[in-house]
Amino acid sequence: MALREKLVAQGWRIGRPAVAQAFQSTDGTERYLVQCRPGDPTTVETVWMPEGDGGEAGDGSEADEKGWDRATVCVSSQVGCAVNCQFCLTARLGLQRNLTAGEIAGQVVAVLDRHGVRVGRDRVNLVFMGMGEPFLNYDNFMAAVRLLVHEIGLSPQRMTVSTSGIVPGIERFAQEPQDLRPKLAISLNAPNDVLRTEIMPINRKWPVAAVIDAVRRVPLRPRERITFEYVLLGGVTDRPEHAHEVASLVRRTGLPAKVNLIAWNPGPGIPYSKPEPPAVDAFQKTLMKAGIPAYIRQPRGRDIFAACGQLKRTFES
Ligand code: SF4
């Protein structure tokens with residue numbers, strides 16, 4: 001207590017971010033508005049996604065009384081975002097401010113506390129894919145990773161950071177020590193520069209080839225793969241020819257890679273449509289046939305606007 005008082009007297013804030021509001025999805029996902037500073041009306045969004053392990057059902061080793069045996073926490077790095085991806089609700093906020101390292105790590109701690117997670121025993125993954133572009137808040141993001149690894153005891157190998165392709169950020173990331181570096185995901189979302197620039201204007205500044213060049217400089221751990229995230233927009237990026245183009249693009253990188261396909265999640269006022277399920281399946285099959293591991297990410301918490309691209313403080317707005 002004496003130390004706390006001393007720190008407060010020096011102007012530090014002591015405490016953990018508070019969950020100001022929680023929304024519960026029918027699929028078990030929870031979306032939180034996290035208040036980082038007492039009295040601050042600004043909140044960021046953090047998402048908890050419990051995943052029961054269906055493969056072990058009935059063999060006696062399934063989830064304990066908590067009802068989940070592994071979970072993923074999706075963490076925000078900024079309030080709003082400046083990147084302006086056309087399919088993303090967070091982009092509509094613009095960038096309001098960067099989160100501090102304490103605020104980024106604090107979201108995780110608040111959620112772990114809420115669910116009674118036993119660090120070191122429960123399987124928890126972190127994805128830095130919430131609001132914001134982590135590589136445009138690089139120092140705070142990496143300081144948060146160091147806090148989570150050194151002070152909380154989480155493994156960086158269970159963390160993934162996703163970037164829209166901020167080349168200077170990827171170059172810095174390549175210099176991070178391997179025992180402190182999360183895995184890397186690139187938010188690709190289009191098969192070529194023309195289409196990518198249309199839906200992600202950041203591509204004008206750092207086109208696909210520049211992003212891939214930077215990714216090649218990240219030294220990978222044994223068996224580590226780069227993830228390419230690909231949001232399928234109905235009629236825009238989900239056509240068979242796009243799948244072939246993505247396959248050859250990923251093959252040409254020469255990187256050990258996989259592709260995560262995400263059927264676009266609707267958001268109010270965003271002028272795209274969901275892809276048809278057969279188009280999603282066909283896209284995956286084309287990639288697999290080309291020898292590229294491809295997974296369809298199941299949307300989580302769509303009903304509470306917790307799914308990819310849907311985070312926008314709907315409580316306040
Ligand atoms: S998808 Fe990510 S990088 Fe793009 S605008 Fe949304 S939050 Fe920002």
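Keep in mind that what you see is a predicted model, and the values were worked out from it rather than measured. Just so you know, ligand 1 is whichever comes first in the structure, and atom 1 is the first atom listed for that ligand.
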Chemist: Does Cys81 approach ligand 1 within less than 4.0 angstrom via side chain, backbone, both or neither, non-hydrogen atoms only?
Modeler: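 Cys81 to ligand 1: side-chain contact only, backbone stays beyond 4.0 Å.
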Chemist: Might you work through the side-chain hydrogen bond (donor to acceptor under 3.5 Å, both in side chains) test for Ser164 and Glu133, ending with a clear yes or no?
Modeler: CA-CA 7 Å; Ser164 57; Glu133 164 54 77; 2.6 Å; yes
Chemist: For Gly132, counting its heavy atoms only, list the atoms of ligand 1 lying under 4.0 Å from any of them.
Modeler: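 Those qualifying, in numeric order: 7 (S).
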Chemist: Would you check if the distance from the ring center of Tyr32 to the ring center of Phe23 is below 6.0 Å?
Modeler: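 No, the ring of Tyr32 stays outside the 6.0 Å limit from the ring of Phe23, centre to centre.
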Chemist: At less than 2.8 Å, would any N/O/S atom of Cys85, backbone or side chain, sit next to atom 6 (Fe) of ligand 1?
Modeler: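 Looking at Cys85, which is the residue asked about, there is no N, O or S atom under 2.8 Å from atom 6 (Fe) of ligand 1.
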Chemist: Could you see if Met159 belongs to whatever hydrophobic cluster contains Ile152? Use Ile, Leu, Val, Met, Phe, Trp, Tyr and a side-chain cutoff under 4.5 Å.
Modeler: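 Yes, same cluster.
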Chemist: If you count the atoms of ligand 1 from 1 in the order shown, which ones are under 4.0 Å from a heavy atom of Ala91?
Modeler: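 Contacts of ligand 1 toward Ala91, numbered from 1: 5 (S).
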Chemist: Check Arg196 with Asp193, please: is the shortest side-chain N to carboxylate O separation under 4.0 Å?
Modeler: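 No salt bridge links Asp193 with Arg196.
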Chemist: Would you call Arg146-Glu151 a salt bridge at under 4.0 Å N-O?
Modeler: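 Not counted as a salt bridge, because no side-chain N and carboxylate O are separated by less than 4.0 Å.
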Chemist: Within ligand 1, which atoms have a heavy atom of Asn84 less than 4.0 Å away?
Modeler: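 Numbered from 1, ligand 1 contributes 5 (S).
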